[in-house]
Amino acid sequence: MEQVDFIVVGAGIAGMSAAARLVGHGSVVVCEMEGAPGVHSSGRSAAFAHFDMDAPVVRALTAASMPFFEEPAAHIHPALFIALEGQEAALDRVEANYREWSATVERLSVAEARTLVPVLREGEGGIIGAVLDRTGRKLDAHAMLEGHRKSLSAAGGRLATGAAVSSLRHEGGRWLVETAQGAWSARVVINAAGAWVDEVATMAGVAPIGISPLRRTVITFDAPEGLDVSAWPFTKTVGPGFYIEPEGRARLLACPMDENPTEPCDAQPEEEDVALAAWRVEEATTLQIRRLASKWAGLRSFVPDRRPVAGFHPDAPGFFWLAGQGGFGLQTSPAMALAVEAVATGSEWPEELRVVGVDEASLSPERFASSM
């Protein structure tokens, strides 16, 4: 059995970004059950970085991550947050949250919002106001994952695909991991298995953290003939509703922002959720969705307080939780990887996190100690 310093279980954006940091401190193996990184959540994300998140720590982690987003993994693209009837307070909240981290956010009238997205309805059932961020970031999940894979490989680390963990146990101060692709022992195991983190923990004899996988649906469809939508902003309702964003010149992506509880699985779209996505878009815009170009579903996994988790289990030496990054894993991954690097290696807490007010305790699984 090969000995390494760190074993990372899961090759989504959480696991891969952490591995790319940890490989600077020792030998790293990433075990991924699928044939490629980012299959279930990271690769099915709308992949946009913004500050419309309820948890202050998530907004702070996003702010700390922004300087790390560079071409080709990210490019500047505006984000428009629209309010439907009854969502005035939510629009005020989004504007206030944005102003904490961005000096360029703008409050727009309905007419101004419609100059950016002309299909938005006004009047009954339409929008009543908007907030614009001209410096949003459109992320490329594949490019981000591939960048981390290359960094890991260049430093001597290994990504083992098709390597579902079949056994995980603690013996002699080390974690022993067995997979179909090999077996390793390490002093630290990073549980970054997404929707499967509790299953991995149970296998290891560690109390679960209470992860809740939620299915989310996405559809794509052609824009009206002759209409170039490539410059349209990422457009999202500030409350229940939908978001849309351009996929090239003539195609749009839409999501009804559904969250349906499910078991950890290869999520597939349900027809009623596909219909909900189309209905919500058609209700608030003049778009008519006659035919879908594609549809899919992904998993968003949260712990009970819907904040991310990064830290050692209080009663399992060397067992490190990296979990609960829900729908914000891509946009917070650089900052989360810094946190993992610091805690897992006993290094100094990073300045990038200190200046935005994120400390180790705010991410630690010890906040769930009473339920473990």
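When reading the values below, keep in mind they use all heavy atoms of this one structure, side chains included, and skip hydrogens, waters and symmetry mates.
- Proximity of I289 to W279: side-chain heavy atoms (C-beta onward) are nowhere separated by under 4.5 Å.
- No side-chain heavy atom of S151 sits less than 4.5 Å from a side-chain heavy atom of R21.
- No more than 12 heavy atoms of other residues, nucleotides or ligands shown are found within 6.0 angstrom of CD on E360.
- Remark: the backbone N or O of S109 is paired with a side-chain donor or acceptor of E112 at under 3.5 angstrom.
- Residues Y243 and T235 form no side-chain contact, since every pair of their non-hydrogen atoms from C-beta on lies 4.5 Å or further apart.
- Looking only at atom types and distance, the side chain of T62 has no donor-acceptor partner in the side chain of T332 under 3.5 Å away.
- Counting heavy atoms from C-beta outward, V119 and V117 have side chains that approach closer than 4.5 Å.
- The backbone N or O of P317 lies less than 3.5 Å from a partner atom in the side chain of W175, making a donor-acceptor pair.
- Residues H75 and F69 are not in side-chain contact: their nearest non-hydrogen atoms beyond the backbone lie 4.5 Å or more apart.
- Between D54 and R307, none of the side-chain N atoms (NZ, or NE/NH1/NH2) sits under 4.0 Å from a carboxylate O, so this pair counts as no salt bridge.
- Note on D359 versus R354: no salt bridge recorded, every NZ/NE/NH1/NH2 to OD/OE distance being 4.0 Å or above.
- The backbone N or O of D52 sits nowhere less than 3.5 Å from a side-chain atom of R59 that would complete a donor-acceptor pair.
- Judged by distance alone, with hydrogens and angles left aside, the side-chain atoms of Q87 form a donor-acceptor pair with the main-chain N or O of P240 at under 3.5 Å.
- With hydrogens and angles disregarded, no donor-acceptor distance shorter than 3.5 Å links the side chain of S362 to the backbone of V358.
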Would T135 and D133 satisfy side-chain hydrogen bond (donor to acceptor under 3.5 Å, both in side chains), going step by step from the backbone distance to the final call?
-> CA-CA 6 Å; T135 60; D133 171 23; 2.9 Å; yes

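- Residue-environment remark: CD (E263) stays at or below the threshold of 12 foreign heavy atoms within 6.0 Å.
- In this structure, Y98 has its ring center at least 6.0 angstrom away from the ring center of H50.
- Nearest heavy-atom pair, G210 versus D198, reported as atom, atom and distance to 0.1 Å: N-OD2, 3.1 Å.
- In this structure the side chain of M257 reaches within 4.5 angstrom of the side chain of T237, judged on heavy atoms.
- Summarising the geometry, atom OG belonging to S17 is positioned 11.0 Å from atom CZ belonging to F68; distances are rounded to the nearest 0.5 Å.
- Residue E171 qualifies as enclosed at atom CD: its count of foreign heavy atoms under 6.0 Å is above 12.
- Atoms OG and CD, on S185 and E178 in that order, are 11.0 Å from each other to the nearest 0.5 Å.
- The pair K138-E245 counts as a salt bridge, with a side-chain nitrogen and a carboxylate oxygen less than 4.0 angstrom apart.
- A continuous path of hydrophobic side-chain contacts links F302 to L363 [ILVMFWY only; heavy atoms under 4.5 Å].
- Side-chain atoms of T285 come within 3.5 Å of backbone atoms of V281 as a donor-acceptor pair (strictly under, hydrogens ignored).
- In this structure, W101 contributes its side chain and F51 its backbone to no donor-acceptor pair below 3.5 Å.
- The neighbour count for E71 CD, taken as heavy atoms of other residues, nucleotides or ligands under 6.0 Å away, is above 12.
- A salt bridge does not link R216 to D273: none of the charged nitrogens lies less than 4.0 Å from a carboxylate oxygen.
- For the pair R291 and F221, the cation does not sit on the ring face, since its NZ or CZ is not both under 6.0 Å from the ring centre and inside 45° of the axis.
- Salt bridge D222/R290: absent, no basic N to carboxylate O contact under 4.0 Å.
- Look at D5 and R174 and you find no salt bridge, because none of the NZ, NE, NH1 or NH2 atoms lies under 4.0 Å from a carboxylate O.
- Proximity of a side-chain donor or acceptor of R280 to a complementary backbone N or O of G241 within less than 3.5 Å is detected.
- The structure places CD1 of I82 at 12.0 Å from CZ of R121, a figure rounded to the nearest 0.5 Å.
- Other residues, nucleotides and ligands place no more than 12 heavy atoms under 6.0 Å from the CZ atom of R249.
- You'll find the side chain of S347 reaches within 4.5 Å of the side chain of H25, heavy atoms only.
- Note that CG of L299 and OG of S212 are 12.0 Å apart. Values are rounded to the nearest 0.5 Å.
- For the atom pair H40 NE2 and C265 SG, the distance stands at 8.5 Å (nearest 0.5 Å).
- For the residue pair T220 and R251, no side-chain donor N or O sits within less than 3.5 Å of a side-chain acceptor on the partner.
- Looking only at side-chain heavy atoms (C-beta outward), R137 and H77 stay at 4.5 Å or farther from each other.
- More than 12 heavy atoms of other shown residues, nucleotides or ligands fall within 6.0 angstrom of atom NE2 in H170.
- With a 6.0 Å radius and a threshold of 12 heavy atoms from other residues, nucleotides or ligands, E272 has its CD atom at or below the threshold.
- Using modelled atom types, one side-chain atom of S42 and one backbone atom of I13 make a donor-acceptor pair closer than 3.5 Å.
- Of the possible donor and acceptor atoms, one in the side chain of R367 sits under 3.5 Å from a partner among the backbone N and O of S364.
- Put simply, the residue from V23, I190, L159 that forms a side chain to side chain contact (heavy atoms under 4.5 Å, CB included) with V8 is I190.
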